[in-house]
Amino acid sequence: MLAEKALVALTALKRLESERGLGVHEGTTDQVRRALEAAGILFIESGQGRGVMFLHETSSAQMQQGRGRGRRETS
C-alpha cells in the first residue's frame, strides 16, 4: 500500500488525494513523491504541462495482478 511505502498515515494520503484541496504537510507530500519515484515513476513538467512517466515497463498480466510497478495503490 502506498501509505505504508511512503511511511504516512492513510488519512494523510486520503487528504492529499482529496478533490476538495484539503491541506497536508509538505513533508507528507515529499514522502509520497519519494515512494512513487522509488517505484519507478518519474514526475515531468514542461511548457506543455505536467505528467508522469513509468520508468520500468511491466506486462499487462503483472498490472492486472497488482504486481506491476505502474499500479497506483491508494487504499
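For the single chain, residues carry numbers from 1 onward in sequence order.
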Fill in: Separation between CG of Leu55 and CD of Glu37, rounded to the nearest 0.5 Å
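So the CG of Leu55 and the CD of Glu37 are separated by 9.0 Å.
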Worksheet entry | Contacts of type salt bridge (Lys or Arg N to Asp or Glu O under 4.0 Å), residue Glu4, not counting sequence neighbours |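 Partners of Glu4 under the salt bridge (Lys or Arg N to Asp or Glu O under 4.0 Å) test: none.
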Worksheet item: Taking only residues two or more places apart in sequence or in another chain, which ones pass salt bridge (Lys or Arg N to Asp or Glu O under 4.0 Å) with Arg34?
Response: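 If we apply the salt bridge (Lys or Arg N to Asp or Glu O under 4.0 Å) test to Arg34, skipping adjacent residues, there are no hits.
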Worksheet item: Please, which pairs that meet salt bridge (Lys or Arg N to Asp or Glu O under 4.0 Å) have at least one residue in residues 18-28, sequence neighbours excluded?
Response: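 Residue pairs with at least one partner in residues 18-28: there are none.
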Worksheet item: How close do Ala12 and Val24 get, heavy atom to heavy atom, and via which atoms?
Response: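 Closest pair (atom of Ala12, atom of Val24, distance): O-CG1, 3.6 Å.
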Worksheet entry | Sidechain-backbone polar pair: Arg15 side chain, Gly23 backbone, donor-acceptor under 3.5 Å |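 Between the backbone of Gly23 and the side chain of Arg15 there is a qualifying donor-acceptor contact (under 3.5 Å).
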Worksheet item: Out of Leu36, Leu10, Val8, Leu16, which residue meets the side chain to side chain contact (heavy atoms under 4.5 Å, CB included) rule with Leu2?
Response: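 It is Leu36, the one option of Leu36, Leu10, Val8, Leu16 that forms the side chain to side chain contact (heavy atoms under 4.5 Å, CB included) with Leu2.
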Side chains of residues 39-50: which donor-acceptor pairs under 3.5 Å do they make with residues two or more places apart or in other chains?
from: Ser46; atom 1: OG; to: Gln48; atom 2: N; distance (Å): 3.1

